[in-house]
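This report refers to the structure that appears directly beneath it.
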Amino acid sequence: MTEGEPLVRWDWVAGHLDEIAQRLLEHVELAAIAVGVGFVIAFGLALLIVRRPRLESPITFVTGTLYTIPSLALFVLLIPYTGLSVLTAEIGLVSYTLLILIRNIVGGIRGVPADVLEAATGMGYTPRQRLWRVEMPLALAVIIAGVRVATISTIGLVTVTALIGQGGFGYFILIGIQRFFSTELIVGAVCSVMLAIGADGLLVLLQHRLTPWTRPA
Amino acid sequence: MSLFVDTLRWFVDPAHYQGSDAIQTRIFEHVELSALAMLLAAAIALPIGLYLGHTGRLAFVAVNVANIGRALPSLALLAFALPLAFALGLGLGFWPTLIALVPLAIPPMLTNAYVGARAVDRDVIESARGMGMGEFEILRRIEIPLALPLVLAGMRTSAVNVVATATLGALVAGGGLGRYIVDGLGLQEYDRLFAGALLVALLAILVEVAFGTFERRATSPGLRTAAATF
Amino acid sequence: MPAERGATVEFRDVTKRYVDQIAVDGLSLTVPAGKICILVGPSGSGKTTSLKMVNRLIEPTSGAILIDGHDVLKEEPTQLRRRIGYVIQQVGLFPHQTIDENVATVPRLLGWTKQRIDARVTELFSLVGLDPGRYARRYPAQLSGGERQRAGVARALAAEPPVMLMDEPFGAVDPIVRERLQSELLRIQRDQGTTVLFVTHDIDEAIRLGDRVAVMRGGKLVQYAPPGELLAHPADDFVAQFVGSDRGLKRLGLLTVGGADLDATVDRASVDRNAPVLAPSTTLRDALVRLLASESQIGVVVGGDRYLGVLTLATIGKMIRSDS
């Protein structure tokens with residue numbers, strides 16, 4: 001960001017393709033593990049809520065509070081226990097996915113029309129069969145919508161983990177800020193946004209595949 | 001456990017209540033920056049969102065602004081704001097952070113204002129128009145009061161995001177509570193780091209709770225009883 | 001309340017054309033001041049479109065609509081609407097305002113003083129049969145469907161409009177409440193002298209409430225007549241089918257024993273002692289049921305204390321055959 005220097009120096013980009021690819025891999029890995037683990041936990045908690053509605057407020061309170069705590073603060077608060085490690089980053093990232101995912105999974109299951117449920121029960125589905133064969137497929141669109149939001153947010157949040165020594169593309173942003181080098185800064189930011197948009201696109205495709213009945217005729 | 005003791009000691013040290021790095025000064029800086037960003041963002045987002053919701057135009061844009069906003073990570077916003085502030089000759093610290101915070105705060109407020117105004121029962125709007133309310137009166141007397149709970153929920157989301165992200169301003173030499181975290185990380189002073197994180201977390205939760213309380217207060221009793229009575 | 005408050009509403013060759021269809025096609029009709037005109041027809045017949053052109057929620061493509069001779073298209077829409085009452089099926093009460101605030105909407109828009117608004121609101125509550133002490137400070141969600149519809153009528157009448165437009169107002173309430181609301185509408189309308197345009201797809205409601213009934217089909221006015229004439233002389237097969245194959249019976253519901261050709265030559269003493277006794281105000285439809293149920297199939301008509309003659313099935317039959 002010195003006078004006369006271009007915003008993006010393409011020669012730097014060309015010379016660092018290897019590193020960009022490596023950061024991409026790191027970014028994807030951090031985000032994918034977070035959303036994957038987050039989904040498994042959220043799914044279990046959501047089923048628990050559907051079965052025992054009394055648990056909804058305490059679970060929402062805890063995940064809501066986790067969601068409210070700023071990401072950087074949460075990472076820092078974990079350092080005494082897990083250090084500047086991947087684990088610290090993942091615990092933080094997973095925490096942020098829970099609220100969104102639980103809300104969508106519960107909402108999806110509860111949103112299944114009552115007449116459909118009554119018809120299923122009336123035809124002799126057991127509660128378990130009804131859950132997996134009727135409620136889950138119908139809830140899928142809403143659930144995937146939740147996964148989309150969680151994925152986009154997580155990909156953005158991964159950049160913040162650069163401050164605790166991880167970060168994927170966030171590393172470029174942090175170094176760019178520290179070195180006052182706009183090329184690195186912008187490469188990091190643009191790549192992160194493009195990754196989010198790309199992942200979202202893939203999830204939209206997945207949803208189309210899995211829920212053909214929601215497509216317009 | 002010693003970290004807790006260290007942090008506690010850090011909090012009671014009178015030196016941390018004096019000078020430019022005093023706790024109360026950092027809190028004030030943090031709140032000042034966040035409030036200004038919220039004010040600017042609300043001034044942009046709410047009129048646009050409510051107007052689009054009233055007319056029903058540009059629905060696609062209004063609804064997707066929130067998703068686009070989520071795809072923009074806070075650190076990336078800061079990354080974009082830094083060269084911009086520099087090019088405008090605004091320097092480091094306060095201004096680039098503010099430039100990053102405003103676009104961060106706009107999407108939830110704009111989308112919620114749009115959805116809130118749009119979700120008002122069409123029959124209610126028609127009877128208002130049928131009784132001779134002008135478009136501005138419909139917006140002011142019907143749509144805004146009915147959209148208020150959603151508008152406030154959007155402001156709450158934005159405010160929590162802004163308070164959280166204002167922390168990152170310390171990366172570009174800004175003030176606020178992020179100073180403790182960034183300096184703590186840099187100097188390996190874990191008591192300071194931990195204290196900063198605690199303060200930021202508490203401030204965010206406080207903002208969340210305050211907005212949540214205000215939201216419940218400001219909701220018309222006619223809307224609250226709607227679900228409870230029948 | 002002055003009965004002359006109603007205004008004449010006149011449609012002059014009104015057409016509403018959308019890109020791919022004609023919603024209303026050359027509609028011409030006049031609603032006399034202080035009368036109830038029912039627009040009736042199947043869905044898509046253009047009745048609601050016609051109604052909404054009066055207060056310009058929909059703008060006509062061509063033609064003119066005149067209220068007391070003034071073209072509505074020459075007026076500022078919001079000003080026009082404040083002088084026209086408007087009630088819809090879903091009522092559209094403002095959920096965030098109490099019932100008295102809702103009722104006060106138009107007077108407030110017109111800038112009435114607070115005392116005048118308060119007085120009028122109290123008056124309206126009793127007019128529509130709601131206890132102000134009980135309902136004024138409630139919210140719409142705390143009312144039943146029928147109560148909400150009463151509040152909607154009160155709100156529409158608040159600024160003493162000369163014309164009131166009602167779009168299937170009683171379509172969403174149950175039959176018993178509906179019937180009660182219908183009689184109260186008739187009472188209120190007579191009391192206030194308001195001209196009412198009322199849309200429904202229910203022919204029985206049209207016959208019950210209308211001074212005149214306009215039957216519409218495919219955007220065109222098929223017949224415009226008082227209910228008795230509509231039943232006696234349907235203009236074509238469509239109207240005949242629409243009013244129903246029991247139109248003779250329906251017509252008897254509009255006629256009274258007092259209007260029938262009673263036979264006063266029969267000595268009362270000669271009539272079976274168990275024969276039903278009828279009042280002149282009884283409808284011929286009710287009289288028919290009672291005659292059929294009695295053994296003698298003859299009714300004794302008594303007005304006050306005076307014997308007026310006997311009513312026979314043959315007389316009723318003659319009424320059905322006769323022209324109105």
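Predicted model only: the values in this text are computed from it and were never measured. Letters A, B, ... are given to chains in the order of the sequence lines, protein chains preceding strands, and every chain is numbered from 1.
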(message) Tell me whether B:Phe11 at atom CZ has more than 12 heavy atoms from other residues, nucleotides or ligands lying less than 6.0 Å away.
(response) yes
(request) Work out which heavy atom in B:Asp123 is nearest to a heavy atom in C:Ile88; give both atom names and the distance. (result) O-CD1, 3.6 Å
(message) Can you confirm whether more than 12 heavy atoms, excluding those of C:Lys35, are under 6.0 Å from its NZ atom?
(response) no
(message) With heavy-atom distances below 4.5 Å as the criterion, would you say the side chains of B:Arg129 and C:Tyr86 are in contact?
(response) no
(message) Is it the case that atom OH in B:Tyr17 sees more than 12 heavy atoms from other parts of the structure closer than 6.0 Å?
(response) yes
(message) As an exercise: rank C:His96, C:Gln97, C:Glu76, C:Gln89 by heavy-atom pairs under 4.5 Å with chain B and give me the winner.
(response) C:His96
(message) Are there residues of residues 41-69 of chain C whose heavy atoms fall under 4.5 Å of chain B's heavy atoms? If so, which?
(response) C:Lys52, C:Asn55, C:Leu57
(request) Might you confirm whether atom CZ of B:Arg57 has over 12 heavy atoms from other residues, nucleotides or ligands at distances under 6.0 Å? (result) no
(message) Looking at B:Phe211, I'd like to know if its CZ atom is crowded, meaning that more than 12 non-hydrogen atoms belonging to other residues, nucleotides or ligands lie closer than 6.0 Å.
(response) yes
(request) Can you see which heavy atom on C:Gly92 is nearest to which on B:Ser127, and at what distance? (result) O-OG, 2.8 Å
(request) Determine whether more than 12 heavy atoms belonging to other residues, nucleotides or ligands lie under 6.0 Å from atom CZ of C:Arg12. (result) no
(message) Strictly less than 4.5 Å between heavy atoms, which residues of residues 145-173 of chain B line up against chain C? Please order them by number.
(response) B:Pro145, B:Leu146
(request) May I ask you to check whether over 12 heavy atoms, not counting those of C:Gln115, lie within 6.0 Å of atom CD? (result) no
(request) Considering only NZ, NE, NH1 and NH2 on the basic side and carboxylate oxygens on the acidic side, decide whether C:Arg81 and B:Glu137 come within less than 4.0 Å. (result) no
(message) Given heavy-atom pairs under 4.5 angstrom as the criterion, report whether the side chain, backbone, both or neither of B:Arg141 touches chain C.
(response) both
(request) Check the surroundings of atom CZ in C:Arg17: do more than 12 heavy atoms from other residues, nucleotides or ligands lie under 6.0 Å from it? (result) no
